[in-house]
Amino acid sequence: MGSSTPDGQPELHFAHGAWALPDGRMELLVRSVPGAELLAAIRATRRVAVSAGVPSTYRVLHIKGVDAEVLPAYAEQGPKFAQGFEAWIQQVERFGADRRQIMAVLGELTLADLSCVRFTPLAAWDQTPGPGAGQPIDLLP
Amino acid sequence: MTDTPQTERRALKLRDVRRLLEGVIPPAMCSVAADGMPHVNYLSHAEYVDEEHVALTYQFLNRARANVLATGRVALSVEDPITGVSVLMQLRYLRTDTEGPIFERLRAKLAGIAAQTGMEKVFHLRGADVYRVESLRKLDPVHPLPALAPRCDLAAGVRRLSEQLAEAADLRSLLNAFTEGLQRDLCITHAIVWLLDEQRQGLFTLASIGYAQAGTGAELPLAEAGLAGVALRENVPIRIGHMSQMYSYGMSWRTKAEQLGLQAAMADTIPLPGLASPCTQLAVPLRARGRTVGALLVESERDQFFSYDDEDALTAVGAQLAQGLAALRTAELVEEPLTAPAPAHSADAGNAALRVRHYPRDHSVFVNDQYLIKGVAGAIVAKLVRDQIDSGREAFSTRELRLAGGDLRLPEVQDNLGVRLLLLERRLAEKDFGLRIERAGRGQYRLIASGPLSLATDGA
């Protein structure tokens, strides 16, 4: 997930889990302390760009928004976070990452360590490498 | 989990994190449009250039490209594939290279990544975008970046190898020290020392380790020399962690010849040394006195076997090898008196005869109908055989050979005679025809035949 500061500096941080709300908005979880610069930029400009990819298939989706807000993570997000975290580990394991070492660093992560970024998708694009890259994706009304 | 409020901003240097640039997890970048809108995308590869610069692949004309050209500001996130710890860099765009060493390094890496991921038809490098690294910070305040378990202590290995090279008094011992040291001190098991033949625009194998056939003297046109050819042309180490057919050396001309049924033409070539399916290759140009004299190619059957640290190590010992080759081949041209009188002709008339056939057109030489060598080295061995048949004399000097330079087609400026003789000595030892060259002192040699020699010259 990326954003930019008021003076145009890009900020970037890994997000743990992403999902859509019934009203069409999206939520992502970001580690509060290491992601502090990104979260500060989002609070200041409300601009976000998200690149969500599946490493094993190279399928990548790009989404942008201009009304992002930063909230504390809340209890109902716990199962979604756990599910997303496990899915991510399974993906990077295919590329040689070591689950035990990842867990040693990130395994103690709880909702208390996370912030929620919520925004309305403004536009989305296919970012999968190849001839279709850059094609806009229609958003549901 | 509790995070401390401070991220590590000051201590971290680009060199400390350069290995993360070639992690298996693609780096992510965030660029910014002129109106401040961010854009995030994944990159195929980021390349360490030096302590202050990185280069990113420019592959597609897209939003990220437009942003880079508009504002020049990029945040780059690279992840440690072992732990998932990330490092964030703030970059400032400087320029795009479409040729030259940085471009070639990136192009080679991208070709390897494309081959590994099945993206060969999609990934095409338009340019290498060079950025200045303005800041970098580790995005995990608690856990240190884990050090990879090194293959060996490279710094200590370089020191030991360097000491051995410094002790070498002649070309043979220099080359032996180098190839033995690669294995013993740097844990490299497959390597080829290529020398450049400027006249013929080709490379020839001076030494190799780790192959069923040493291939001493095997030749390769520069244009077909794969990674070694690129490293030599661009004067920069080139490394691929996942091999691509694009950089396999010597494949196309050999395949073409086989397809055309030209096996007969293949009879006067020495098989190239090399792994059939290398996973990692690193080529380092060998330079001395402002000139490129050849290239060192090391390879492995394991992915990502070599690292940036190997590039540093092999550049250092490669330069010492090149300096040694340059110095000792000059020294080899200065004769010293023979330390012992030439022994009587050692050929035993009872032993099998050695039938030498010489083709002056390309100076290819066959012994008992088996191909030995061609070119300058072929011309040398033909002359020595002829002289020995005419005079019965085994001993010869580099001075004699230089005086016969015109006939031998020795390049005028840099005749490489000592190296050619070493090549010939090794090739004869490898083939074990019963014909060998022995060094008898500086600039002094003997051609020793196990049986009576005969020489036939065809197509003169």
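Numbered from 1 within each chain, the chains take letters A, B, ... in sequence-line order.
For the set Met1(A), Arg47(A), Gln127(A), the entry with the most heavy-atom pairs within less than 4.5 Å of chain B is Arg47(A). Options Ser51(A), Gly35(A), Pro6(A) differ in how many heavy-atom pairs under 4.5 Å they form with chain B, and the most are formed by Ser51(A).
Residue contact with chain A, scored on non-hydrogen atoms closer than 4.5 Å, involves the backbone of Asp35(B) exclusively. Using a 4.5 Å cut-off between heavy atoms, Asn41(B) contacts chain A through both its backbone and its side chain.
Scanning residues 71-78 of chain B against chain A with a 4.5 Å non-hydrogen threshold yields Arg73(B), Val74(B), Ala75(B), Leu76(B), Ser77(B), sorted by number.
With values rounded to the nearest 0.5 angstrom, Met37(B) atom CE is found 6.5 Å from Leu122(A) atom CG. The distance from atom OG of Ser86(B) to atom CZ of Arg31(A), rounded to the nearest 0.5 Å, is 8.5 Å.
The closest side-chain heavy-atom distance from Val50(A) to Val40(B) is not below 4.5 Å. In this structure, Arg63(B) and Lys64(A) have side chains that are in contact, with non-hydrogen atoms separated by less than 4.5 Å. Under the 4.5 Å side-chain criterion, counting only non-hydrogen atoms from C-beta, Leu88(B) is in contact with Glu11(A). Side chains of Glu37(A) and Gln90(B) form no contact here, defined as non-hydrogen atoms less than 4.5 Å apart. In this structure, Ser4(A) and Pro38(B) have side chains that are in contact, with non-hydrogen atoms separated by less than 4.5 Å.
Under a cut-off of 6.0 angstrom, the local environment of CD in Glu134(B) is crowded, with over 12 non-hydrogen atoms contributed by other residues, nucleotides or ligands. Within 6.0 Å of atom CZ in Arg59(A), 12 or fewer heavy atoms from other residues, nucleotides or ligands are found, so the atom counts as exposed in its surroundings. No more than 12 heavy atoms of other residues, nucleotides or ligands sit less than 6.0 Å from atom CD of Glu99(B). In this structure, Arg302(B) places its CZ atom where only 12 or fewer heavy-atom neighbours from other residues, nucleotides or ligands lie under 6.0 Å away.
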